[in-house]
Each structure stands twice: as structure tokens, then as C-alpha cells.
Amino acid sequence: MNTQKFFALVDCNNFYVSCERLFRPELNNRPVLVLSNNDGCVIARSNEVKALGVKMGTPYFKVRGLAQRHGVKVFSSNYSLYGDLSHRVMDVLQQLEPEVEIYSIDEAFLMLPGSRFVDLASHCHTIRERVRQCVGIPVSLGVAPTRTLAKVANQFAKKDPACAGVCCLETPDAIDHLLVQTGVGDVWGIGNRSVEKLRRRGIVNGLQLKQADDDWIRRQLTVSGLRTVMELRGVSCIEIDDSRAQKRTLVCSRSFGRPVKDLPDLREALSSYVSRVAEKLRAQRSLASSLHVFLLTNRFRTDLPQYSRTLTLHLPEPGSSTPHLLRPALKGLEQLFKTGYLYQKVGVMLTGLVPAGQRQLSLFTANASSDTELMTAMDQINRRWGRDTLCYGGTGRAKTWAGRQSFCSPAYTTRWEDLPQVGAGSEKCQENVLPDGIIEGS
DNA sequence: TCTGGGGTCCTAGGACCC
DNA sequence: TCTGGGGTCCTAGGACCC
């Protein structure tokens with residue numbers, strides 16, 4: 001009997017693209033890409049777009065021409081849709097397996113004791129089929145004795161057609177066979193900086209990294225790097241913090257759709273972000289002890305004067321009500337603001353988060369319960385009727401500074417008026433092809 | 001013209017204490 | 001001339017992830 005423990009990494013294939021295709025099946029086998037907020041960078045690519053050589057994170061303006069020539073369907077990111085479909089995928093996994101660690105919006109680790117299975121691979125194919133059947137999102141599974149190796153296996157599950165979406169590494173030989181074909185930069189935890197250090201030492205593939213000298217790794221790549229190496233050797237030592245549902249910091253910040261130079265616009269934007277971050281804070285039932293406001297210009301415009309400052313404010317006592325955070329934030333912004341710059345972004349970060357139950361009141365605290373009730377009521381209304389149904393006046397109505405979202409698909413699964421219509425003559429099901437060959441989102 | 005947003009962990013260095 | 005040693009806490013910045 002196999003007493004070994006295995007990790008299976010379930011990863012949704014080109015997740016955001018798969019979400020968009022789910023309601024637009026005519027886009028299957030056609031090039032599709034999804035852009036970041038403000039339509040800035042490419043953050044998801046279909047295989048067809050990858051084949052065109054478009055890299056992850058490329059600024060969209062650099063590939064716009066290429067996209068148009070190849071009839072690439074372009075989408076702005078639609079997080080209500082992706083978040084909802086992510087929940088559905090995770091629900092299915094949790095129905096099938098007792099131990100599921102949700103790692104990101106499109107990935108989860110499953111703990112699979114080897115003893116439970118005669119055939120690990122066929123069990124994984126079953127999981128894959130169930131997710132496709134219940135949600136319609138294609139996933140790949142990589143299975144191995146550690147999370148880092150499961151990540152490696154997953155890459156092969158995706159790219160080797162012979163795997164049919166599942167790759168199990170059950171023997172040392174199988175592991176080394178894949179590691180020698182894996183570039184160090186494709187190992188989870190090894191970023192560009194480390195790739196360069198390793199290359200100078202002649203370490204370019206996963207097997208060489210696995211065999212590297214511990215002391216050298218410890219010195220050059222810190223303990224995080226050493227953990228990665230241990231994981232390649234089959235020693236599981238990277239834990240996923242399950243308490244990550246409770247964030248230790250919360251941020252809200254966006255690039256503007258156009259450069260902003262005046263304080264009133266900055267105040268509106270910052271007020272919106274503070275309202276949003278306070279909502280997130282209350283949703284996880286925490287209070288913030290410190291608040292950081294930051295303001296910066298466009299770092300790519302080297303021809304313009306640059307400015308980037310952060311101001312940290314320690315709150316007199318931890319809190320979560322929007323006005324409690326709004327007042328110091330706006331005061332901080334006024335201290336940071338200087339005329340004569342074209343600003344690209346303003347944002348707020350909350351740190352020193354403590355559970356709401358552990359509130360330490362100051363000697364002079366007024367009764368805060370009326371504030372709490374107001375916030376609870378406001379959050380309930382906004383959850384029921386949609387974001388910003390009730391909002392603070394300072395957040396502005398016109399929001400002329402807001403980012404671009406030119407190609408956004410409907411919130412098919414989370415907004416009544418966006419429910420897909422089925423039947424003959426339904427306009428929502430029809431594709432809208434513009435004369436120049438590029439297809440804009442409906 | 002146009003370059004995301006939101007996180008975590010680790011380390012070094014400063015402030016402070018005894 | 002000469003200026004301790006060790007501990008904690010905090011913060012900023014680096015590296016990495018999706």
C-alpha cells in the first residue's frame with residue numbers, strides 16, 4: 001500500500017479567458033485576451049494568443065496592432081464574473097475532496113493520501129471531468145509529493161497533450177525527468193532576480209537547482225529559496241496559510257483613466273477607495289490600526305516631473321467605520337499633495353489589522369455603537385442592491401478620473417439584467433464584429 | 001495617447017531598552 | 001587614542017506570487 005502523501009494542484013486553464021468563453025462558446029479555438037484594470041496590460045491569454053507571442057503583462061498598446069490583425073477578441077477584466085465562477089469551481093472541489101486549500105482565484109491544492117487510491121491519475125481525471133461538467137471551466141491537475149513539485153507537474157499537464165490535463169509524479173525518476181526539462185524561472189518561487197544569480201552560477205534547470213549547494217542557496221536566495229530547493233528534493237516545507245482568508249493588510253488603489261492634477265479629483269478618488277477598503281475590512285470583521293495614503297505620478301513618463309510619497313497615520317484607536325478612516329485619509333492626502341504634477345494614482349492601505357472583537361478603546365472614546373449600526377446597515381443595502389447603492393457624497397458621481405474599461409463583458413452570473421438570454425433571435429448571443437476585424441466586447 | 005492591483009514573506013537597519 | 005553587548009520592535013525595501 002502506498003502510504004505517501006500527495007499534493008494535487010488544480011489550476012484553471014487560462015482562467016479569465018475560459019470565463020469569457022463560457023458564455024461565448026463561438027470564441028472557443030479563437031484568440032482571446034483579457035486586460036488588467038484600466039485596460040493597461042495583458043493578464044490572460046488563450047493558447048492562440050500565446051502562440052502569437054504575446055507575453056503575460058505586456059502593455060496592451062504594444063500589441064494592439066497585432067491583436068487587430070489576427071482578429072483577437074479583447075476583454076476588459078470582469079472580476080464579478082471571474083470571482084463567481086471561481087467560487088463555483090472551488091465548491092465542486094470541496095464536494096469531492098475533504099482537504100482543499102484555495103491558493104488563488106484559479107488554483108487550489110488538494111491533499112491526497114496515496115493509500116486512498118489504487119490509481120491516482122484516474123481519480124484526477126474524474127475530478128477534472130466533474131469540474132468541467134458542473135461549471136464548464138477546463139482545469140489541469142499536477143500531482144507530486146510537495147506543492148512545488150505539484151506546480152511543476154501542473155505545467156506539464158497543461159502543455160503535453162499526452163497528459164490529457166493530468167500529470168502525476170509518483171517516483172523519483174519521474175520527478176527528475178521533468179525537472180531537467182524545467183527552466184529555473186519556471187519553478188514556483190524563483191523570480192527574475194534569482195534566475196540571473198543562478199544562471200551566473202551555471203544553474204539553469206530544475207534538476208540543477210535541486211542539487212545546488214545549501215549554503216550558497218541560503219546566502220543568495222534567503223531561506224525562501226532554500227525551502228524551494230528542499231521542496232524539489234521531495235521535502236514538503238511550504239505551507240499555505242489557511243488563515244489567508246483573514247488578510248493582514250488591505251489595499252485599494254487604481255490608476256486614473258487620465259492624468260489628474262487637481263486636489264478635488266484626488267479627494268473623490270481617495271474617498272471611493274477608502275469606502276471600498278473599509279467595506280473589505282468590515283467583511284472580514286477586522287479593525288485597522290494604521291492607515292497609509294500614497295500618491296504618485298506616472299513613472300513611465302520620464303519626461304515629466306516625478307512624485308511619489310506615502311504617508312503613514314496611526315489611528316488613535318483601531319476602527320472600521322468609513323468616516324473613521326475617511327477623515328484622517330483626506331487630511332493625509334492634503335499633506336501629500338503638491339501642485340504642478342500630473343498624478344497617475346492615489347491609494348490607501350490598511351495595516352495593523354485586529355479582530356473586531358478585540359477592540360481596545362481609549363479612555364475618552366465616545367459610544368461607537370451607533371457608527372457600527374450605520375455601517376452594518378449600509379453594507380447590507382449595498383450587498384442586496386449592488387455596490388454604491390448607498391455611498392458617501394465625497395466619492396463623487398461623475399468620477400471623471402475613473403479608469404478605462406472599454407471591452408467589459410456582462411456580469412452574466414451576478415446581475416439580473418445581465419443574465420444570458422437563450423432562444424432564437426437573442427441579440428446577446430450574437431457576436432459584434434467591427435469593420436477593422438477587431439471584435440469589441442458586447 | 002496608452003504600462004494592473006492586491007497580496008505575502010524575508011532582511012537589514014534604526015531606535016530603544018537594560 | 002579609547003565609545004559594550006544583546007535583545008526586541010518597527011519600518012522600508014526587495015523579491016516573489018497570481
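These numbers come from a predicted model, not from an experiment. Heavy atoms only: backbone and side chains are in, while hydrogens, waters and symmetry mates are out. The sequence lines fix the lettering, A, B, ..., with proteins before strands; numbering per chain opens at 1.
For Y343(A) (side chain) and F337(A) (main-chain N/O), no donor-acceptor pair under 3.5 Å exists by modelled atom type. With Q181(A) contributing its side chain and N205(A) its backbone, the two residues share no donor-acceptor pair below 3.5 Å.
Shown here are the ring pair (Phe, Tyr, Trp, His ring centres under 6.0 Å) partners of W188(A), two or more places apart in sequence or in another chain: Y103(A), F109(A).
Here R218(A) lies in heavy-atom contact (under 4.0 Å) with sugar-phosphate atoms only. Within the nucleic acid shown, R254(A) comes within 4.0 Å of sugar-phosphate atoms alone, with no base atom in reach, counting heavy atoms only. Using a 4.0 Å heavy-atom criterion, one finds that D39(A) contacts no nucleic acid atom at all. At the heavy-atom level, S194(A) lies under 4.0 Å from the strands shown only through sugar-phosphate atoms. Counting any heavy atom pair closer than 4.0 Å across all strands shown, R227(A) reaches sugar-phosphate atoms only and no base atom. Within the 4.0 angstrom heavy-atom criterion, only backbone atoms of the sugar-phosphate kind lie near K280(A); the bases stay farther away. Here H292(A) lies out of heavy-atom contact (under 4.0 Å) with every strand. L35(A) comes within contact range of no nucleotide atom at all, as no heavy-atom separation falls under 4.0 Å. Within 4.0 Å (heavy atoms only), V187(A) reaches sugar-phosphate atoms of the nucleic acid but no base atom. L250(A) comes within contact range of the sugar-phosphate backbone alone, with a heavy-atom separation under 4.0 Å but no base atom that close.
Remark on DNA chain B: of its neighbouring residues V223(A) and R404(A), the 5'-side contact belongs to R404(A), judged by nearest-heavy-atom nucleotide.
The residue from R128(A), K158(A), K151(A) that alone fulfils the salt bridge (charged side-chain N to carboxylate O under 4.0 Å, His left out) condition with D11(A) is K158(A).
dT3(B) and dC18(C) have their P atoms separated by 24 Å, given to the nearest Å.
In this structure, the side chains of L296(A) and Q344(A) come closer than 4.5 Å at one or more pairs of heavy atoms.
Checked for salt-bridge contact, R200(A) and E196(A) meet the test: a charged N lies under 4.0 Å from a carboxylate O. Under a 4.0 Å N-O distance rule, the pair D215(A)/R219(A) does not qualify as a salt bridge.
Both tests hold for K159(A) against F156(A): distance to the six-membered ring centre under 6.0 Å, angle to the ring axis within 45°.
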Dot-bracket, DNA chain C: Watson-Crick or G-U, under 3.5 angstrom, [ ] crossing, | other strand? ....||||||||||||||
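The nucleotide range of DNA chain C contacted by chain A, defined by atoms under 4.0 angstrom from heavy atoms of the protein and reported 5' to 3', is dT11(C) to dC18(C).
For the residue pair S140(A) and N154(A), no side-chain donor N or O sits within less than 3.5 Å of a side-chain acceptor on the partner.
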